[in-house]
Amino acid sequence: MTTSTADGNLFIVAAPSGAGKSSLIRALLERHNDGSMQVSVSCTTRAPRPGEVDGVHYHFLDVETFQRKIEENAFYEWAKVFDNYYGTSRLVIEETLQQGIDVFLDIDWQGARQVREAYPQAQSIFIVPPSLETLEQRLRSRGQDSDEVIAGRMAKAQAEMSHYHEFDYLLVNDDFNESLANFEHIVLARRQRMALQQSRHAAKLKDLLANAG
Ligand SMILES: Nc1ncnc2c1ncn2[C@@H]1O[C@H](COP(=O)(O)OP(=O)(O)OP(=O)(O)O)[C@@H](O)[C@H]1O
Ligand SMILES: Nc1nc2c(ncn2[C@@H]2O[C@H](COP(=O)(O)O)[C@@H](O)[C@H]2O)c(=O)[nH]1
């Protein structure tokens, strides 16, 4: 991907299922609803949960269509998670960043690794629950998955968490408002750093042009 200094920032947010990453991203976007931030809507072969809307929560695809898109190189990253395919559309991410909009990817560690390789300047944040007991409670309180699905996700939680050290930030999501404030701090600090870099580039360019003239 080519970048300019005016590109949006790319944030990777990963966590074991149920740790609260979607809730934190959603709450952050509600606080910054000026169009400067977006969450990427992934494609998945998972069946929709009650209340999930195609194109809003996910783009729900059949396995054949998903595999065709893999062959067409249409995904920025993709992975098989809990026996279903999940992937991020390449075109949407590139176009959104080029418009100067910050993008949040709510993805697993395998996808995070692919994104980091393709776009090393992405900031990555790993979210963990305060305990495995709390994680299970959250999966149950969400009330959207069967006991079997919850057991499968709990069984894979520790394997997902073993990748925490690959991320720039680790956030323990205990008290929600406190986690949201920390999450927001990470995001705004990154924005500020990039804006500062951009104004330094602009100043250098101005000097260069003035001296050339
Ligand atoms: N700090 C918190 N305290 C209590 N409950 C929380 C907290 N954060 C999130 N939750 C609740 O935990 C449940 C799981 O959260 P959420 O769906 O955001 O997790 P997730 O990491 O996005 O999961 P998945 O990867 O399966 O999409 C939700 O019911 C949410 O309201
Ligand atoms: N690598 C990717 N992982 C993704 C993507 N979209 C979601 N996910 C991860 O899958 C699990 C399960 O999600 P759920 O909605 O079924 O609970 C979770 O960890 C998500 O972060 C994606 O595009 N790529």
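Both ligands and their constituent atoms are indexed starting at 1 by order of listing.
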**Study point:** Within-cut-off N or O pair, Asp175 and ligand 1, under 3.5 Å
**Key:** no
Check your understanding: Quick check: does Gly18 get an N/O under 3.5 Å from an N/O on ligand 1?
Key -> yes
**Study point:** Aromatic plane relationship, Phe167 with Phe126 - under 30° parallel, 30 to 60° tilted, over 60° perpendicular
**Key:** tilted
Practice item. For atom 13 (O) of ligand 2, grab the closest protein heavy atom and report residue, atom and distance to one decimal in Å. Key: Tyr58 OH, 3.4 Å
**Study point:** Under-4.0 Å salt bridge between Lys80 and Asp83
**Key:** no
Check your understanding: Any N/O of Leu139 closer than 3.5 Å to an N/O of ligand 1?
Key -> no
Point to revise | Test item, Ile25 contacting ligand 1 (heavy atom, 4.0 angstrom) | key: no
**Study point:** Closest protein heavy atom to atom 25 (O) of ligand 1, given as residue, atom name and distance to 0.1 Å
**Key:** Lys21 NZ, 2.4 Å
Check your understanding: Do the charged groups of Arg46 and Glu52 touch, with an N to O distance under 4.0 Å?
Key -> yes
Exercise for review: Output yes when Arg68 and Glu72 qualify as a salt bridge under the 4.0 Å nitrogen-oxygen rule, no when they do not.
Suggested key: yes
**Study point:** Protein contact of atom 22 (O) of ligand 1 - nearest heavy atom, named by residue and atom, plus distance
**Key:** Ser22 OG, 2.3 Å
Practice item. Kindly check if the number of other-residue, nucleotide or ligand heavy atoms within 6.0 Å of CD (Gln158) is above 12? Key: no
Review point. Starting from atom 19 (O) of ligand 1, which protein heavy atom do you reach first, and at what distance in Å?
Key: Gly20 N, 3.2 Å
Point to revise | Nearest protein heavy atom with distance in Å, relative to atom 23 (O) of ligand 2 | key: Ser42 OG, 2.7 Å
Check your understanding: Looking only at distance, does Arg138 have an N or O less than 3.5 Å from an N or O of ligand 1?
Key -> yes
Revision key, fill the gap. Heavy-atom proximity to atom 3 (N) of ligand 2 ranks first, among Val41, Asp108, Leu139, for Asp108
Check your understanding: Is Ser179 in contact with ligand 1, taking contact as a heavy-atom separation below 4.0 Å?
Key -> no
Exercise for review: Please state which part of Arg26 comes within less than 4.0 Å of ligand 1, counting heavy atoms only: side chain, backbone, both or neither.
Suggested key: neither
Check your understanding: Which protein non-hydrogen atom lies closest to atom 30 (C) of ligand 1, naming both residue and atom, and how far is it?
Key -> Ser23 OG, 3.5 Å
**Study point:** Proximal atoms of ligand 2 relative to Ala79 (non-hydrogen, under 4.0 Å)
**Key:** 1 (N)
Check your understanding: In terms of side-chain geometry, is the basic nitrogen of Arg190 or Asp102 positioned less than 4.0 Å from the acidic oxygen of its partner?
Key -> no
Review point. Considering only heavy atoms of Arg49, which atoms of ligand 2 have at least one such atom less than 4.0 Å away?
Key: 14 (P), 15 (O), 16 (O), 17 (O)
